[in-house]
Amino acid sequence: SRRTMGRAMGLAGLLLGLVVVPAVLVSTSLRHGAPRTEAEPEPSSWELAADAVPEDSLWPLPQWVRTYPRQLQLAPSRFQLVHGAGSSAGPGCGLLQDAFRRYYEYMFGHSRRRTWSRRPLAARAEPELFQLQVVIEAGDPGCDRHPQLTSSEAYHLTVTEPVAILKAYEVWGALRGLETFSQLVHEDDYGSFLVNESEINDFPRFAHRGVLLDTSRHYLPLKSILTNLDAMAFNKFNVLHWHIVDDQSFPYQSIYFPELSDKGAYSSNLIYTPTDVRLVIEYARLRGIRVIPEFDTPGHTQSWGKGQKDLLTPCYNGRQPTGTFGPVNPVWNTTYDFMTKFFKEISSVFPDEFIHLGGDEVDFSCWKSNPEVKEFMKKQGFGIDYAKLESYYVQNILDIVSSYNKGQIVWQEVFDHKAQLKPDTVVQVWMANNYAHELSSVTGAGFTTILSAPWYLDYISYGQDWKKYYSVEPLKFLGSEKQKKLVIGGEACLWGEFVDATNLTPRLWPRASAVGERLWSSSNVTNLQDAYKRLTHHRCRML
Amino acid sequence: AENEPSWETPCSELLVYVSTPGCDGFPSLDSKESYKLSVSKGSMLLSAETVWGALRGLETFSQLVGRDENGTYYINETEIVDFPRFPHRGLLLDTSRHYLPLRAILETLDVMAYNKFNVFHWHIVDDPSFPYESSTFPELSRRGAFNAMTHVYTASDVRTVIEYARLRGIRVIAEFDTPGHTLSWGPGAPGLLTPCYVGKAPSGVYGPINPIVNSSYQFVTSLFREVSSVFPDFFLHLGGDEVDFTCWKSNPEIRAFMKEMGFGDDYKKLESFYIQRLLHIVSSLGKGYIVWQEVFDNDVKLRPDTIIHVWKENSMQYLNEMANVTRAGYRALLSAPWYLNRISYGQDWIAAYKVEPLNFAGSPEQKALVMGGEACMWGEYVDVTNLTPRLW
């Protein structure tokens, strides 16, 4: 759990380090049953403890870090996180108040030493650190707002006696800085809380750092989602891409169309009520995490048809309807009436500026079988190019959503099939095959893009696959500087076909942490050995 | 209506009839686990030869009980005759690569019982850590555990596991793997492991157990004497896999010994030399043994009742190994296609399910030597945070 970084390391390291001559393990070159995947052996735990440095506890690695050997001591009964002089945020800033309490708990909470024994300070050599003062510099700190793509997450942390100072332009940077500060505080072998004098200047490399959760293939209870938001905050992720509905189930309880979840959810208790949704959004906001919902259409909509008659396309066999349904029907006016009303609700329920509209994997076979659709194709002069019909549909939805002043994110097919996008539509690249080429195309056409293709974490495999996620370089594609700027970030995706509350957390973490550092830290932070050291610390702390 | 439960005759009791006494004993390889279950209007009867069969039958009975939309419990009229195809149906947990707290082991035993597994293969120690608290050699865990205060199995813990397993008809077979996989033994038993050399000087690194000094055999005798009394099952798993010869080769004393014994350059002979002595020690302690396949592959002279554990999986070669082992007259256990620690995307349970352990060329007598198999959950990437969803 969020605890003493070095303790287990320290004790074991002390014992083993003194007895076993530190060296490379000999007879472990063959893993029982598994062919060797690593080229070199991992540093053994006693090696790690022997030359540990304060930076070993940081994840993701900040842009600029200086730590000094001098340590300061923290007394849980006296140490405080407070608003500093000159901060535009004060005790009225609920977001920061909440964060102060939360980070105090993370640092000292499990410790039973919160109020007691007064061993004289003189007995210890280290001076005491009394406070961390948080200073928000912007005129409007953002306490009551929701984070946005353009929010500032930069912070400057100075840890020195008698008080440490955390400066940030907006509250979002303060949240990031609090996380980092909490990672610097460690417990020594005697149970004292220490922090090295340090100075950190930090900001994210990419502004959009997301995790996709899929609550349609398997319902995820609220607790799962909230635990995940906590983990995301530990890793400085700032977007929850909530793939909330899909073919298999429709757990989103709509106010305008209650039948959608009444008929489309797995069962009446496996839903997200408006209160649940508000809870997720607020829980996320307090951690500086945006919630971007995805209502994927026209494909991936089987569950919508249960509660909304005449929305999906009836498939035909010759002249007869087969009784099965395909994607959303793009030729009926009622479809767009529905979508207009539906997205009005979504636009008001979800405060983020963006809504993800999906648009992936549309299977044309049902459309092709339907006589009305065929007729429409003819009338529109689309020939037999159903991609044109898909684009026609998507364009209409983009217009609808745009009219509610929401930005749109779409999966890459929408771009690939040449739909007319809005200039600020964001394209999410997910197809693994030659994704670098796709990034070139998308940015070459002037669109902002999010990368997910190499980060499908639902594709589990044996061994330390975090390394392959860590080694991705999002800007490694052919393009100009201007193009590269259009890559605003990426998302680690955990599709739900084989994931539910029984296995979500261990499957996603700490593998997603690798993606978190790749998106936050500088592009030259690529050393796997160093990452291993820090990630193992970080992982134990997250538990 | 036809399917309405007959309310006049609620089923009030399941009678369990066991013909052979034996509630206080331990299950063994020869235990009979057969049972008959008969559910009819007038009565519900579970009959088995032994208590172990009764346990299996109770599990089945509990699976038959359903609940309708009104919450009423019901059961269909049923006739079941059941017995296991293979007598050794095991699960391996590795508590050395990562310590597993007691509750994780006990939970696993519960789920094993749901699935009628009857052997818990406890790969308790290995290179990375030695969590087993030995009364004879307390230094082993004091120096070799990840944390000697918290990451150990006390004698009481071990007794708890053995009894918890017994109550579920599960045998506990402990594995103390030697001569390789023993790095964690080194700190608590100075002089046990082979010092590796670089040229003429010891490098400070250690290798497998030193097979040329008497002290090794004295140590091993004492340790296994304790282990034999702590673990009641007739069988012990002695390991014997993946012995890396590099360290032995580097050690001048060992090289001299090889010459003396006329082993030439064949270190397999040295390995056999050790294993043979170990097997003799364990036999004289009144235990049977299971060994990993290398012991058989390297031509070690084995007792006829040795069980060989086939684990190497390289494109279906394991079936050949099964054939070879059984042709040589030894009993075999299959694990090769069941390394559940090797996770992959999707419904990989299907590949495990499709395995047919007897799908090799051999006589019926040979095939009868296949005792069963074990699903293995090696611990390199497994601890209490992910054990259960990874295994089940």
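Letters A, B, ... are given to chains in the order of the sequence lines, protein chains preceding strands, and every chain is numbered from 1.
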Report, by ascending residue number, the residues of residues 382-392 of chain B in heavy-atom contact with chain A at a distance under 4.5 Å; give 'none' if the set is empty.
B/D383, B/T385, B/N386, B/P389
Look up atom OH in B/Y381 and atom CG in A/D465, then write down how far apart they are to the nearest 0.5 Å.
9.5 Å
Surrounding CE of A/M431 (heavy atoms of other residues, nucleotides or ligands, distance under 6.0 Å), is the total greater than 12?
yes
Please name all residues satisfying side-chain hydrogen bond (donor to acceptor under 3.5 Å, both in side chains) with A/W411, sequence neighbours left out, ordered by chain then number.
A/E294
Which one, B/V243, B/D94, B/I343, B/N314, leads in non-hydrogen pairs under 4.5 Å with chain A?
B/I343
Would you indicate whether B/E253, at its atom CD, is surrounded by more than 12 heavy atoms from other residues, nucleotides or ligands within a distance under 6.0 Å?
no
Under 4.5 Å heavy-atom distance to chain B, tell me which part of A/F498 shows up: side chain, backbone, both or neither.
side chain
